[in-house]
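In the text below, chain A, chain B and the rest are named by the order of the sequence lines, each starting its count at 1. Because the structure is a prediction, the values reported are computed rather than measured.
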Amino acid sequence: MNITPRVRFAPSPTGYLHVGGLRTALFNFLFARHHDGKFILRIEDTDRNRFVDGAVENLISTLHWTGLDYDEGPDKGGDYGPYIQSKRLDIYRTHAQELIKKDKAYYCFCSPERLSMLRQEQKHTKDQAKYDKFCLNLTPEEIQKNLSALKPYVIRLNVPQNQIIEIDDVIRGRVEFNSETLDDQVLIKSDGYPTYHLANVVDDHLMKITHVIRGEEWLSSTPKHILLYDFFGWNRPVFAHLPLLLNPDRSKLSKRQGDVAVEDYRAKGYLKEALINFVALLGWNAGDDKEFYYMNELIEKFSLASVNKAGAIFNTEKLNWLNAEHIRNKNSVELLPELRSALKNSVYDESFFSDEYLTKVIDSMKERITFVSEVITKSPYFFAEIENYDPDVIKKRWTVETPVYLSKLSEEFSLLNNPGKEDFENALKKTTENLNLGIGKLIHPLRLAVSGMGAGPGVYDILFIIGKEKTIDRIKKAIEKLS
RNA sequence: GGCGCGUUCGUCUAGUGGCUUAGGACGCCGCCCUCUCAAGGCGGAGAUCACGGGUUCGAAUCCCGUACGCGCUACCA
């Protein structure tokens, strides 16, 4: 049997893409690409109370940014559309009717009041909270009467009694449930919309989904889904329930305890490569020590069998390291757009810098940063003149003789014609020889003069990047200000 | 409360009965390199493999129980 796997990412449009959702999407994507299968995006918007304007568009654009491109989806089309559940309402209705005909589902006219009373009572007697199948005993006449009186109703799943339901989960192995513990789940709500349980089963079947890869929070409701597959007479897909992403306190990852939206991480300056790499490692490992991955390597190595069972805390320390690693592994031209956009959001948004200049700046700072925006914050001297000199560095590196030495050096520099790095270096060495000084006596105050600080790229790199004129100018200003 | 899942350094993890005095990575600390800061190299601290029983010549690895954590328990997904 060699069928093409078809998997899906089925988020509900809450307004943003949750990092847990990103992880689910990624694992689906990796599985599909690894097996030359199809990856489908389906929007589960069956809760009209939670409708958020523009949420779908936002989700799609964020997903697009991450590079998790799908083969079929709302904006992409495909043979099994529509891919938005709110546009498939009559499909669910027809299927619910089919279940009613088979006595596998039934109309329920119970009021919310009765339901909550029932629940309270069960809570009191410490019974399991379950619908009591009251409406299952309605006669056809009563049902018809209620229906023509337009009495609000839901359609419920008729869960059989005392039946063992087995799930063979790829990640967790065999899991058993007794149908006694299952509630007669609402399938169609009183507003005519389906619940997740009905919609996801119907759609997965109609869209020919072969593997359902989703978060562990769905494991408990899987027996209800299995029941539905059986009632419809459909083959079940393969199930794989992924471990949850956790807050630092080990509860399910949520807002309130930090950022959960992919957009937030993007805005903070995380590279999509780093985010994908990091999220892939949360719950998956190839069985070796490799930690730095590109997407194509993930696709190649990924396997559901090597997914962990236990939840993982979303701890950004390692994400930061991976971001720095991915920055170091990119060339300066690739990083240029990132710097440009960081610049646009900085105080230097009005200033002009050439691509050539910024590229040199990036090269000099690339391995000293965790975020591209730190090029600006950690080396502002590449973007503006020096306003402040680090007092600690002044204290440590600036002596009474320094102005004299630097003047000599400046004279030497002024002799240079279109100098390169080595020319600056040679000029400095020549000056120290003439003055009979150790090289440090010049190099440290020089760094202070041209950068205002004590840390950064090699001085000759800085000099070369800012150029001879600015170098001489800054030396002069430093002498004025610090003497 | 019920049902389900899980439990290896602070965190992410390797480990599928002997190769393990439990390996790697992040973070932390120290040393080296060095014009500074990084990067890099080397080293260190850090896990009685949740606990208790078994099975076995031998268990982090298999079985049972307990504890703890988490998830679900909606006309939310």
How many Å lie between [atom1] on [X] and [atom2] on [N], as a whole number?
X	N	atom1	atom2	value
A:Y293	B:G24	OH	C1'	12 Å
A:F177	B:U73	CZ	P	12 Å
A:K189	B:A74	NZ	C1'	10 Å
A:E217	B:C76	CD	P	17 Å
A:N49	B:C75	CG	P	12 Å
A:L244	B:G71	CG	C1'	7 Å
A:K378	B:A38	NZ	P	8 Å
A:I164	B:C3	CD1	P	12 Å

Is A:E297 salt-bridged to A:K290, going by a charged N under 4.0 Å from an acidic O?
->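 A salt bridge links A:E297 with A:K290.
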
Pair A:K421 + A:D461: basic N to acidic O under 4.0 Å =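 Result for this pair is yes, salt bridge flagged.
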
Please give the distance between the [atom1] atoms of [N] and [M] as a whole number of Å.
N	M	atom1	value
B:G2	B:U13	P	30 Å
B:G53	B:G30	P	43 Å
B:C62	B:G15	C1'	15 Å
B:U48	B:C63	C1'	22 Å
B:A45	B:G10	P	15 Å

Counting Watson-Crick and G-U wobble pairs only, both distances under 3.5 Å, name the nucleotide matched with [N], or none.
N	value
B:U16	none
B:U66	B:A50
B:C75	none

Which of these nucleotides, [options], is closest to any side-chain atom of [X]?
X	options	value
A:T181	B:G71, B:C75, B:C3	B:C3
A:N308	B:U11, B:A77, B:A14	B:A14
A:T46	B:C76, B:A77, B:A39	B:A77
A:L115	B:C75, B:C5, B:C76	B:C75
A:K309	B:C72, B:G6, B:C75	B:G6

For A:T370 and A:N320, does a side-chain donor sit closer than 3.5 Å to a side-chain acceptor?
->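 A:N320 and A:T370 do not have a side-chain donor-acceptor pair below 3.5 Å.
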
Between the side chains of A:Y83 and A:D203, does any donor sit under 3.5 Å from an acceptor?
-> no

Under the 6.0 Å and 45° cation-pi test, does A:K360 pair with A:F464?
->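 Cation-pi check for A:K360 and A:F464: passes.
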
Just checking, A:K408 and A:Y405: is the charged tip under 6.0 Å from the six-membered ring centre and within 45° of the axis?
->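 Here A:K408 fails the 6.0 Å and 45° test against A:Y405.
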
Which part of the nucleic acid, if any, lies within contact of [X], taking any heavy atom under 4.0 Å across all strands shown: a base, the sugar-phosphate backbone alone, or nothing?
X	value
A:S220	base
A:G283	sugar-phosphate
A:P194	sugar-phosphate

Protein heavy-atom contacts under 4.0 Å, written 5' to 3' over nucleotides 25-36 of chain B as B (base), S (sugar-phosphate only) or - (none), form the string BSS-------BB

Do the side chain of A:S190 and the base of B:C75 come within less than 3.5 angstrom through a donor-acceptor pair of N or O atoms?
-> yes

Do any N or O atoms from the side chain of A:N323 and from the backbone of A:F371 form a donor-acceptor pair under 3.5 angstrom?
->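 No, A:N323 side chain to A:F371 backbone: no donor-acceptor pair under 3.5 Å.
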
Indicate, with yes or no, if the rings of A:F39 and A:F9 have centres closer together than 6.0 Å.
-> no

